2 protein chains.
Amino acid sequence: MIRILLAEDQAMMRGALAVLLGLEDDLEVVAQVGAGTDIVPAALETHPDVALLDIELPGISGLQAARELAERLPGCKVMILTTFSRPGYVREAMAAGAAGFLVKDGPVEELADAIRRVLRGETVLDPDLAAATLRAAPNPLTARERDVLAASEDGSSIADIAGRLFLSPSTVRNYLSAAIGKTGSRNKTEAALAARRNGWLG
Amino acid sequence: MIRILLAEDQAMMRGALAVLLGLEDDLEVVAQVGAGTDIVPAALETHPDVALLDIELPGISGLQAARELAERLPGCKVMILTTFSRPGYVREAMAAGAAGFLVKDGPVEELADAIRRVLRGETVLDPDLAAATLRAAPNPLTARERDVLAASEDGSSIADIAGRLFLSPSTVRNYLSAAIGKTGSRNKTEAALAARRNGWLG
DNA sequence: CGAGCCCACTGACATTTGTCACCGCCTGGT
DNA sequence: ACCAGGCGGTGACAAATGTCAGTGGGCTCG
């Protein structure tokens, strides 16, 4: 019996996947969580064979949880299941030691089999997705540029961002200018959108 | 046997829901589509009793499809199933004659029963959600303000927007200024985010 | 130990954006 | 016939934004 931990914030999706996986004779969902912060505690308690994690979760992200799981529960395989096939996500997932990367666009029929393959030691990663990730430029942004871009995502003014990050407005403007250049954008809004699209903001 | 049409863009969600609903003795998924443009043709062909529609779909939106279904297949009940409980969405769904409005945050166990209740003639709408919708201000934006805000969502400059909408930059600035005031925002980026959050941009 | 890089910051400057007051043109309602 | 209100537009002005050049400090790597 393969023991599964399921982390997904949308209750209906989570419930539907749990029922679906439960229909398989050799699969068993031993934990369902809706927040990133619940993943590691639930895993330590239930000792699943595989953790199926969404990335964008309340609290910590699935990628962060994957890193913690790799450290604290090395026997547990990690699979990422996400809406977005962003190069940055794939890159980070693999760096975090994930054994599988699935997108929610894919057919549900393959999910159970992907889990079995991961348990056999295989790595599940769509070849086209792998190729696209390798082809895409890796994250060119510095940590500070990421901070500033992330803080500008809600449409804040430069003065607001500076206040929030304890930087001078001039400094923030400079980081944004650098980020705008690196993303090939024309203003901070475009730059933030582009960085988010590429998975460069975590 | 209740015949269901399922419209949802995420293949895995769509597949999982189809399997789940198919497990019920009295339910039958007779059509699954992933694009808004496929909804009406599929409904005309399969004559479902109820159409379960996501809102944000490729092609036309689920709300637009709901309006067309109400006109061309009046016997078919429409239920909206969406990620977002935006007041504007609820309002438009009800105006389009939808018999149910469900959010994907809700428990999957209630889905089948909600469908049965709609088929019995009931309206399925969470009371808290209805109250929140009535409490929220209705869309204060004029058609032009919506156009301009929608065009600014990708971070375009005012000059770009003016070019795309065949307006003068001054006019675009005026509409944006009005929208910024009505949304209580500080710049066009915040205004576009706020309008989108409220479901005012369709 | 220097070269090169990231970081934090400053000041100057041009451009963009947001606000305000005001114009005329239609259209729908009374 | 009149008025209100949406629409498209202009000009002027202040504020925010983006760019550039330059100053240090800390860090790593050859």
Side-chain angles (χ1 to χ4, degrees), chain A residues 88 91-92 95 137-202, chain B residues 88 91-92 95 137-202:
Chain A
R91 213 179 285 269
E92 276 205 60
N139 190 339
L141 302 173
T142 69
R144 273 295 187 263
E145 285 160 0
R146 282 198 298 276
D147 293 344
V148 171
L149 272 186
S152 83
E153 276 193 300
D154 61 355
S156 298
S157 70
I158 287 180
D160 285 349
I161 300 169
R164 238 180 302 156
L165 299 184
F166 305 105
L167 296 175
S168 101
S170 309
T171 306
V172 172
R173 265 205 310 261
N174 273 345
Y175 287 137
L176 282 175
S177 190
I180 289 166
K182 288 180 181 178
T183 55
S185 309
R186 303 167 59 79
N187 55 52
K188 66 185 161 86
T189 308
E190 267 191 18
L193 289 172
R196 173 63 65 190
R197 230 192 340 270
N198 284 298
W200 291 341
L201 299 185
Chain B
R91 214 179 284 271
E92 276 206 61
N139 191 338
L141 302 173
T142 69
R144 273 294 186 268
E145 287 160 359
R146 283 198 297 274
D147 294 344
V148 171
L149 271 187
S152 83
E153 277 193 301
D154 60 356
S156 298
S157 70
I158 288 180
D160 284 349
I161 299 169
R164 237 180 302 155
L165 298 184
F166 305 105
L167 295 175
S168 99
S170 310
T171 305
V172 172
R173 251 181 328 189
N174 275 345
Y175 286 136
L176 282 175
S177 189
I180 289 166
K182 289 180 181 178
T183 55
S185 310
R186 303 167 59 79
N187 55 53
K188 66 186 162 86
T189 307
E190 267 191 19
L193 289 172
R196 173 63 65 188
R197 229 191 343 270
N198 283 297
W200 291 341
L201 299 185

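Note on naming: letters A, B, ... go to the chains in the order of the sequence lines (proteins, then strands), and numbering restarts at 1 for each one. Every value quoted in this text rests on a predicted model; they were computed, and no experiment measured them.
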Could you state the [atom1]-[atom2] distance from [X] to [N], rounded to the nearest angstrom?
{"X": "L167(B)", "N": "dG9(D)", "atom1": "CG", "atom2": "C1'", "value": "10 Å"}
{"X": "E190(A)", "N": "dT16(C)", "atom1": "CD", "atom2": "P", "value": "13 Å"}
{"X": "R186(B)", "N": "dA15(D)", "atom1": "CZ", "atom2": "P", "value": "13 Å"}
{"X": "I180(B)", "N": "dA15(D)", "atom1": "CD1", "atom2": "C1'", "value": "13 Å"}

Any chance the side chains of R164(A) and S156(A) put a donor and an acceptor closer than 3.5 Å?
->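 The criterion, which ignores hydrogens and geometry beyond distance, is satisfied for S156(A) and R164(A).
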
List in numerical order all residues of residues 168-177 of chain B for which some heavy atom is under 4.0 Å away from an atom belonging to DNA chain C.
->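 Contacts with DNA chain C under 4.0 Å: R173(B), N174(B), S177(B).
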
Mind running a 4.0 Å heavy-atom check of residues 144-165 of chain B against DNA chain C and sending the residues that fall below it, in number order?
->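 S157(B), I158(B) - these, ordered by number, are the residues of the stretch whose heavy atoms sit under 4.0 Å from the strand.
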
Just one of I180(A), D147(A), L167(A) clears the side chain to side chain contact (heavy atoms under 4.5 Å, CB included) bar with Y175(A), so which one?
->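 The side chain to side chain contact (heavy atoms under 4.5 Å, CB included) with Y175(A) is passed solely by L167(A) among I180(A), D147(A), L167(A).
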
Hey, is the main chain of [Y] close enough, under 3.5 Å, to the side chain of [X] for a donor-acceptor pair?
{"X": "R173(B)", "Y": "I158(B)", "answer": "no"}
{"X": "K188(B)", "Y": "L176(B)", "answer": "no"}
{"X": "S177(A)", "Y": "N174(A)", "answer": "no"}

Is there a side-chain contact between T183(B) and E145(B) (heavy atoms, below 4.5 Å)?
->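 No - every pair of side-chain heavy atoms lies 4.5 Å or more apart.
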
Is any side-chain heavy atom of N139(B) less than 4.5 Å from a side-chain heavy atom of R146(B)?
->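 The answer is yes; the side chains approach within 4.5 Å.
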
Can you give me every donor-acceptor pair (side chain of residues 190-202 of chain A, partner residue at least two apart or in another chain, under 3.5 Å) with its distance?
from: E190(A); atom 1: OE1; to: R186(A); atom 2: N; distance (Å): 3.1
from: R196(A); atom 1: NE; to: E153(A); atom 2: OE2; distance (Å): 2.8
from: R196(A); atom 1: NH2; to: E153(A); atom 2: OE1; distance (Å): 2.7
from: R196(A); atom 1: NH2; to: E153(A); atom 2: OE2; distance (Å): 3.4
from: N198(A); atom 1: ND2; to: A194(A); atom 2: O; distance (Å): 2.9

Between dT17(D) and K188(A), is there an OP1 or OP2 to side-chain N/O distance shorter than 4.0 Å?
->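 Affirmative; the distance criterion is met.
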
